[in-house]
Amino acid sequence: MLVVGIAIDQPDVSQYARKTRQYMADGNYAKALEVGSASDKTDHGLMMLRVEALGHEKLLGERLFAYPLKGRSGNMAQRGGDYALCAYLIDKNLDRFVAELPKYYQPDGPLPRYYREALVLYNHLRTHPRIVFHDNVMDTDYADLQQLERQYSDPRERQMAVFKQYKDTYWYYYDYLNGKPARR
């Protein structure tokens, strides 16, 4: 009975993928992006379906890291544009992201949220950044995140505290998700 109860409570990623595919086949990409959006469960296949739906809606750089991600970017970079930029971010390759960004966007112009977060992070990680980027609000948010991290010596407590406030940021993804932390 306990096993049945656990199985019932587990989100069914394959059902999410099936529903997402169905909405996408109907051309309803916005509805496809709602499927399982409150769940933290995913697999690489569902991640790639969401990438496709976000790309169709032109929201990759604005919403990708609000979803759980699993695995590497695969051949997304070959598609160019936001697919390539998000592929570099998924793979935590900030140098390549920064090198390619000017092909698609003016770095001092309007940028999607996750590109701005990646640039703030990049500017904090590099002594001589290739692109110097400042956004007063994001710089302050990132400083607050760093201050929060310094309050916890235990890595698990640190991650939980950061998760509560920054779970849908690129910064959280970069340091805590999809593999070992990129720094520390």
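Computed from a predicted structure; not experimentally measured.
Atom OG1 of residue Thr140 and atom CD of residue Gln147 lie 11.5 Å apart, to the nearest 0.5 angstrom. Taken from CG in Asn93 to CD in Glu100, the straight-line distance is 9.5 Å, to the nearest 0.5 Å. Here CZ of Arg150 is found 10.0 Å from CG of Leu148. Values are rounded to the nearest 0.5 Å. We find the CG-CG distance between Leu85 and Leu60 to be 9.5 Å, quoted to the nearest 0.5 Å. Atoms CZ and CG, from Arg96 and Leu94 in turn, are 13.0 Å apart once rounded to the nearest 0.5 Å.
Between Gly61 and Cys86, the closest heavy-atom pair is N-SG, 4.0 Å. For Val120 against His124, the heavy-atom pair with the smallest separation is O-ND1, 2.9 Å. When all heavy atoms of Ala53 and Tyr29 are compared, the closest pair comes out as CA-CD2, 3.7 Å. Nearest heavy-atom pair across Ser39 and Pro68 is O-CG, 3.7 Å. When every heavy atom of Val162 is checked against every heavy atom of Glu149, the shortest pair comes out as CG2-CG, 3.6 Å. Annotation for Trp171 and Met138: closest pair CH2-O, 3.6 Å, computed over non-hydrogen atoms.
Remark: Tyr114 engages Phe65 in a ring pair (Phe, Tyr, Trp, His ring centres under 6.0 Å) (not counting sequence neighbours). With sequence neighbours left out, the ring pair (Phe, Tyr, Trp, His ring centres under 6.0 Å) criterion links Phe163 to Tyr172. Take Tyr105 and apply the side chain to side chain donor-acceptor pair (under 3.5 Å) test, not counting sequence neighbours, and it matches Asp82. When the side chain to side chain donor-acceptor pair (under 3.5 Å) test is applied to Lys164, no partner is found at least two apart in sequence or on another chain. Here Asp95 pairs with Arg126 under the salt bridge (charged side-chain N to carboxylate O under 4.0 Å, His left out) rule; sequence neighbours left out. For His134, the side chain to side chain donor-acceptor pair (under 3.5 Å) partners two or more places apart in sequence, or in a different chain, are Asp139. In this structure Arg18 satisfies the salt bridge (charged side-chain N to carboxylate O under 4.0 Å, His left out) test with no other residue, sequence neighbours excluded. Asp91 pairs by the salt bridge (charged side-chain N to carboxylate O under 4.0 Å, His left out) definition with Arg72, not counting sequence neighbours.
Counted within 6.0 Å of CD on Gln106, heavy atoms from surrounding residues, nucleotides or ligands total 12 or fewer; the atom is thus considered open. In the displayed structure, Asn136 atom CG is contacted under 6.0 Å by at most 12 heavy atoms of other residues, nucleotides or ligands. With a 6.0 Å radius and a threshold of 12 heavy atoms from other residues, nucleotides or ligands, Tyr23 has its OH atom at or below the threshold.
Counting only residues at least two apart or in different chains, ring-ring contact (aromatic ring centres under 6.0 Å, His included) contacts with residues 66-93 are absent. A side-chain hydrogen bond (donor to acceptor under 3.5 Å, both in side chains) check over residues 44-62, counting only residues at least two apart or in different chains, returns the pairs Glu52-Arg79. For residues 109-122, the pairs satisfying salt bridge (Lys or Arg N to Asp or Glu O under 4.0 Å) are Arg113-Glu117, Arg113-Asp168, Arg116-Asp135, with sequence neighbours left out. Among residue pairs with one or both ends in residues 20-34, those qualifying as salt bridge (Lys or Arg N to Asp or Glu O under 4.0 Å) are Lys31-Glu34; sequence neighbours excluded.
Distance alone, capped at 3.5 Å, is enough to place a donor-acceptor pair between the Thr169 side chain and the Tyr166 backbone. Side chain of Lys92 to backbone of Tyr174: a donor-acceptor contact under 3.5 angstrom is found. Under a 3.5 Å cut-off, the side chain of Asn178 and the backbone N or O of Gly71 do form a donor-acceptor pair. One N or O on the side chain of Tyr170 and one on the backbone of Leu89 form a donor-acceptor pair closer than 3.5 Å. Using modelled atom types, no side-chain atom of Asn75 and backbone atom of Gln78 make a donor-acceptor pair closer than 3.5 Å.
Under a hydrophobic-cluster definition in which Ile, Leu, Val, Met, Phe, Trp and Tyr are linked whenever side-chain heavy atoms come within less than 4.5 Å, directly or via other members, Val132 and Leu121 are assigned to different clusters. Following chains of ILVMFWY side-chain contacts shorter than 4.5 Å, one can reach Leu145 starting from Met160, so the two form part of one hydrophobic cluster.
Using a 4.5 Å heavy-atom threshold, the side chains of Tyr122 and Pro129 count as touching.
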Intermediate values then yes/no, side-chain contact (heavy atoms from CB on, under 4.5 Å), Leu69 and Thr42: CA-CA 7 Å; Leu69 304 175; Thr42 195; 5.9 Å; no
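If you look at Phe97 and Tyr115, their ring centroids are closer than 6.0 Å.
With Met24 as reference, Leu49 is the one residue of Val35, Leu49, Leu33 to meet the side chain to side chain contact (heavy atoms under 4.5 Å, CB included) rule.
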